[in-house]
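Following: one structure in structure tokens, then a few remarks.
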Protein chains: 2
Amino acid sequence: MTQVQILSRNQQIVLDIIEKAKGPLKAYSILFNVQKKGINAPQQIYRALDKLIEMGKIHKIESKNAFVACRSSDCEISKATAFSICESCEMVDEISDAKLSKYLSSFNHKKGMKFKRFNLEFFGLCKKCK
Amino acid sequence: MTQVQILSRNQQIVLDIIEKAKGPLKAYSILFNVQKKGINAPQQIYRALDKLIEMGKIHKIESKNAFVACRSSDCEISKATAFSICESCEMVDEISDAKLSKYLSSFNHKKGMKFKRFNLEFFGLCKKCK
DNA sequence: TTAATAAACGTTATATTATAACACTATGTT
DNA sequence: AACATAGTGTTATAATATAACGTTTATTAA
């Protein structure tokens, strides 16, 4: 039942670059990478990024203002995101842990707020940097 | 045994404003608020903010690039932060839930990373906006 | 108590991240 | 065809954050 998303030209270009990248990419570094392809302005990047986020194809790492491709097939719409971030090498890894996700999705704040979405960022040192 | 932190002039000014605020404050809105007190440059704000964060007096809401006072007496150093954020009125509420905090602090990623710190942001509609 | 050291300050300049606004183009409905 | 919707390209500018440099204040330890 999953609808195949058709991406526009710019969206595809931006997604390709993010997917190929080893780590999180910044909007302007994406921009510099695509100038040969005729994309010249930040707007074009940010518009594509916004749509890709909406579709769940990529995620924004808020603490770094950077973007990563979604690696977890089950988050077409990103209501529950978790990442581990190495403070030394900047590596970012998406955590997909059903238990964690369930635990947080069902977490309810005392003050009567019903959550629609969460984002969790863990920080530490990755294996290599330890 | 808890050491009383002495704040510098600028740190105190910035902290006072953040503590008095009803919601999260942006760096430049703090700046505009303190120009009468002789603080003129963003650097001065950002320096104070950095120190206040180090001390655990305030937290940065990453998804909003804004700052809130710490309301939970037990996080002198902020290794474990969680917030609920209203998507409509922008209200931010610090969550201090021992269970949640314990659960996340002891969460270990499979890939061998040991976490030092986490930040969790929940989004939804607060009581009023619902 | 003074010399040394560290922390904070003030300032100018600039880098980085993100959006506004407007006109145009492609695509897909009724 | 007429209309709506999503995407594009472009110029300009807003908002967020840091670099670099010299000075001042506070702390510490000889």
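Below, chain A is the first sequence line, B the second, and so on; all start at residue 1.
- With rounding to whole Å, A/Ile45 atom CD1 is found 11 Å from D/dT8 atom P.
- Rounded to an integer number of Å, the gap from CD of A/Gln44 to P of D/dG7 is 14 Å.
- Looking only at side-chain heavy atoms (C-beta outward), B/Leu120 and A/Leu104 come within less than 4.5 Å of each other.
- The residues A/Arg117 and B/Glu121 are annotated as not salt-bridged, no charged nitrogen and carboxylate oxygen being separated by less than 4.0 angstrom.
- One atom, CG of A/Asn10, and another, C1' of D/dG9, lie 9 Å apart when rounded to the nearest Å.
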Atom pairs, N/O to N/O, protein against nucleotides 18-20 of chain D, distance under 3.5 Å?
residue	atom	partner	partner atom	Å
D/dA19	N7	B/Gln43	NE2	2.5
D/dA19	N6	B/Gln43	NE2	3.1

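- The closest side-chain heavy-atom distance from A/Pro42 to A/Leu31 is below 4.5 Å.
- A donor-acceptor pair under 3.5 Å links the side-chain atoms of A/Gln44 to the main chain of A/Ala41, judged by distance alone.
- Chain B approaches DNA chain C over the interval C/dA8 to C/dT12, counting the first and last nucleotide 5' to 3' with an atom under 4.0 Å from its heavy atoms.
- Atom CZ in B/Phe67 sits about 13 Å away from atom C1' in D/dA15, given to the nearest Å.
- Within 4.0 Å of B/Lys60, counting heavy atoms only, lie sugar-phosphate atoms of the nucleic acid but no base atom.
- Side chains of B/Asn119 and B/Thr81: a donor on one and an acceptor on the other come within 3.5 Å.
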Could you go through the ring-ring contact (aromatic ring centres under 6.0 Å, His included) check for A/Phe122 and A/Phe83 one step at a time? CA-CA 6 Å; A/Phe122 283 103; A/Phe83 304 95; over 10 Å; no
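- Put simply, B/Tyr46 and B/Ile30 are part of the same group of oily side chains (I, L, V, M, F, W, Y) that touch within less than 4.5 Å, one to the next.
- Scanning both residues, B/Leu49 and B/Ala27, for their nearest heavy atoms gives CD1-CB, 4.0 Å.
- Heavy-atom nearest nucleotides on DNA chain C were determined for B/Asn65 and for B/Ala48, and the one closer to the 5' end corresponds to B/Ala48.
- Axis angle, first five pairs versus last five pairs of the helix from C/dT1-D/dA30 to C/dT30-D/dA1: 40°, rounded to 10°.
- Rounded to an integer number of Å, the gap from B/Arg9 CZ to D/dA26 C1' is 16 Å.
- Close to D/dT10, at under 4.0 Å from its OP1 or OP2, lies a side-chain N or O of A/Asn40.
- Rounded to a whole Å, the CG atom of A/Leu31 is 13 Å from the P atom of D/dT11.
- Whole-Å rounding puts the A/Ile39 CD1 to D/dT10 P distance at 11 Å.
- Heavy-atom contacts from other residues, nucleotides or ligands closer than 6.0 Å to NZ of B/Lys130 number more than 12.
- When all heavy atoms of B/Ser101 and B/Phe118 are compared, the pair lying nearest together is O-CE2, 4.1 Å.
- Proximity of B/Val92 to B/Pro24: side-chain heavy atoms (C-beta onward) are separated by under 4.5 Å at one or more points.
- Here the P atom of nucleotide D/dA26 and the CG atom of B/Leu7 are 14 Å apart, to the nearest Å.
- A 4.5 Å side-chain heavy-atom check between A/Glu90 and A/Lys64 finds at least one atom pair inside the cut-off.
- Both B/Gln11 and B/Ala41 sit near DNA chain C, but only B/Gln11 has its closest nucleotide nearer the 5' end.
- For D/dG7, the OP1/OP2 oxygens have a side-chain nitrogen or oxygen of A/Lys51 closer than 4.0 Å.
- In terms of phosphate contacts, A/Ser8 brings a side-chain nitrogen or oxygen within less than 4.0 Å of OP1 or OP2 of D/dT8.
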